[in-house]
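Right, one structure below, let's go through it.
Every chain is numbered from 1, with letters handed out A, B, ... down the list of sequences. These figures come from a predicted structure and were not determined experimentally.
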There are 2 protein chains.
Amino acid sequence: MRAQKKSAPNNERLAEIYRAAAQIILRKGYDATSVNDIANALGMTKAGLYHYINGKKELLFDIMNFGLSELDEEVAEPARAIADPAARLRFAVAAHARLVTRGQGAITILVDEITALTPPQQRKITQRKRAYFDFLRGTLDELKAAGQLQDVDTTAATFGLLGMINWLSRWFRHGGALSEEQAADQLVRIAFHGILRPARLKAVDSSQ
Amino acid sequence: MRAQKKSAPNNERLAEIYRAAAQIILRKGYDATSVNDIANALGMTKAGLYHYINGKKELLFDIMNFGLSELDEEVAEPARAIADPAARLRFAVAAHARLVTRGQGAITILVDEITALTPPQQRKITQRKRAYFDFLRGTLDELKAAGQLQDVDTTAATFGLLGMINWLSRWFRHGGALSEEQAADQLVRIAFHGILRPARLKAVDSSQ
DNA sequence: TTATAACTACCGACCGTCCGGTCGGTACCA
DNA sequence: TGGTACCGACCGGACGGTCGGTAGTTATAA
């Protein structure tokens with residue numbers, strides 16, 4: 001009935017292919033990356049690569065799902081085990097940030113290339129992203145209920161958090177001024193306490 | 001000696017072309033947008049469009065420069081006239097955020113598609129972005145010198161700020177829960193004071 | 001007032017190139 | 001003997017870009 005993988009190819013090799021493809025797509029962008037580019041990087045030909053993949057879009061889709069699974073396993077699931085919402089959020093932001101900086105990451109790709117997918121694929125990816133977003137916002141909602149949150153909209157705050165974290169991939173460089181841990185720590189500080197020292201001399205918020 | 005525009009085309013029409021092209025590229029991405037797409041959106045043919053532009057890359061380059069000029073004129077220059085660094089930063093963050101949400105924007109494009117340019121073009125754009133970045137970080141440095149800043153790295157904080165602002169283009173929708181002004185205000189709040197209320201009951205940071 | 005030259009704003013048809021994808025094979029290993 | 005891992009050659013189509021036009025408008029000048 002429907003097209004399927006003709007055989008059961010080596011799974012380790014497949015993971016290598018995902019990793020290599022993710023790196024190239026991350027650097028050049030999905031559209032600017034040809035299947036040939038990926039094949040060459042793996043030391044094979046395009047026809048040879050097609051032994052493993054079912055199409056360029058499906059490859060991208062698989063990589064994105066791989067990235068989302070990483071996010072679930074290394075950030076969301078461990079975080080869910082933390083009862084205190086502030087500590088949970090602190091862990092999630094730091095772990096997510098480290099995942100971005102550590103990559104070579106498939107996670108970063110799914111930030112940029114959603115439009116390249118078919119609509120059904122987009123829906124699936126968007127749904128998984130949404131679940132992660134809801135997890136973060138839920139934690140903020142808990143904090144709000146406990147009176148620990150500033151007077152901010154939790155949706156906007158969650159997007160702000162994600163913006164800072166995802167932006168890391170644009171500026172963080174290994175061997176730069178900040179280590180991965182330092183970068184993650186900086187993000188947590190800024191997200192939690194902002195950049196300004198609490199000023200009590202000037203009524204800058206709350207009223208009006 | 002070198003290729004030049006064969007004539008002096010109507011400047012208003014050229015601006016229309018930039019605006020239309022920016023919108024499409026913003027929606028579909030540079031590589032996925034064909035010159036034909038842009039021409040059709042303008043009700044003309046590809047050959048007709050080439051009367052105005054010198055190539056696809058140069059069109060992108062021009063749009064990016066247009067966006068950077070907008071940023072200079074509407075954010076950086078007015079901000080520079082503000083003496084107080086906190087007020088200056090507040091204005092810059094809010095104005096920049098509004099520029100992102102108001103667009104239809106050429107500003108957003110230059111966030112994503114730098115790699116599509118030729119290396120010399122990339123250098124010019126990166127240089128202009130760098131100037132803006134330095135302006136923001138300089139303001140943070142002033143705040144630090146005045147003892148008004150949290151204990152954060154000004155470079156990381158500037159990138160954090162830009163991450164939140166640029167991320168707006170991914171989630172902000174007109175007619176959504178937040179107006180442009182509300183979104184800008186939320187970003188300022190989060191950037192300045194963070195998401196957590198200053199806790200004095202629990203030593204959550206500083207040590208360890 | 002009108003002939004005409006010059007210029008702007010386009011278009012239809014076309015070109016070379018590269019891309020995603022296919023197909024029929026082959027070498028190798030179990 | 002059959003499955004896995006690949007490859008060379010090829011295909012149709014889309015893309016960026018070019019070229020030789022043409023319709024319309026303005027400038028000039030007799």
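In this structure, B:L14 places its CG atom 13 Å from C1' of C:dA9, rounding to the nearest Å. Atom CG in B:N40 sits about 15 Å away from atom C1' in D:dG16, given to the nearest Å. Across the protein-nucleic acid pair, B:I17 atom CD1 and C:dT8 atom C1' stand 13 Å apart, rounded to whole Å. Rounded to an integer number of Å, the gap from CD1 of B:I53 to P of D:dT18 is 10 Å. The CG atom of A:L42 sits 14 Å away from the P atom of D:dA5 (whole-angstrom rounding). One can place CG of B:N54 at 16 Å from P of D:dG16, the figure rounded to the nearest angstrom.
Every residue was checked against the side chain to side chain donor-acceptor pair (under 3.5 Å) condition with A:E77, not counting sequence neighbours, and none meets it. For A:R80, the side-chain contact (heavy atoms from CB on, under 4.5 Å) criterion is met by A:A76, A:F135, not counting sequence neighbours. Contacts of A:R123 classified as side-chain contact (heavy atoms from CB on, under 4.5 Å), with partners at least two apart in sequence or in another chain: A:P119, A:P120. Partners of B:D141 according to the side chain to side chain donor-acceptor pair (under 3.5 Å) rule, which considers only residues two or more places apart in sequence or in another chain, are B:T154. Residues forming a side-chain contact (heavy atoms from CB on, under 4.5 Å) with A:S69 (at least two apart in sequence, or on another chain): A:E73, A:R128. Taking the ring-ring contact (aromatic ring centres under 6.0 Å, His included) definition, one finds that B:F66 meets it with nothing, sequence neighbours left out. Applying the ring-ring contact (aromatic ring centres under 6.0 Å, His included) test to A:Y30 and every residue at least two apart in sequence or in another chain returns nothing.
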Pairs under 3.5 angstrom, nitrogen or oxygen only, protein versus nucleotides 7-12 of chain D, please.
from	atom 1	to	atom 2	distance (Å)
D:dC7	OP2	A:T45	N	2.7
D:dC7	OP2	A:T45	OG1	3.0

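With the end axes of the helix from C:dT1-D:dA30 to C:dA30-D:dT1 each set by five pairs, the angle from one to the other reads 0° at 10° resolution.
Atom CD1 of A:I38 sits about 6.5 Å away from atom CD1 of A:I53, to the nearest 0.5 Å.
Within residues 30-38 of chain B, the residues that place at least one heavy atom under 4.0 Å from DNA chain D are, in residue-number order, B:T33, B:S34, B:V35.
Dashed line: the shortest gap from a side-chain N or O of B:H51 to OP1 or OP2 of C:dA9 is under 4.0 Å. The side chain of B:R13 places an N or O atom within less than 4.0 Å of a non-bridging phosphate oxygen (OP1 or OP2) of C:dC10. Neither OP1 nor OP2 of D:dT4 sits under 4.0 Å from any side-chain N or O of A:Y52.
Among pairs with a residue in residues 130-139 of chain B, those fulfilling side chain to side chain donor-acceptor pair (under 3.5 Å) read B:R88-B:T139, B:H96-B:Y132, B:R130-B:D134, B:D134-B:R137, B:R137-B:T155, at least two apart in sequence or across chains. Pairs passing the salt bridge (charged side-chain N to carboxylate O under 4.0 Å, His left out) check and including a residue from residues 31-41 of chain B, sequence neighbours excluded, read B:K28-B:D37.
No donor-acceptor distance shorter than 3.5 angstrom exists from the side chain of B:Q23 to the backbone of B:A20, with no hydrogens or angles considered.
For B:Y50, taking side-chain heavy atoms from C-beta onward, the closest of the listed nucleotides D:dA5, D:dG16, C:dT22 is D:dG16.
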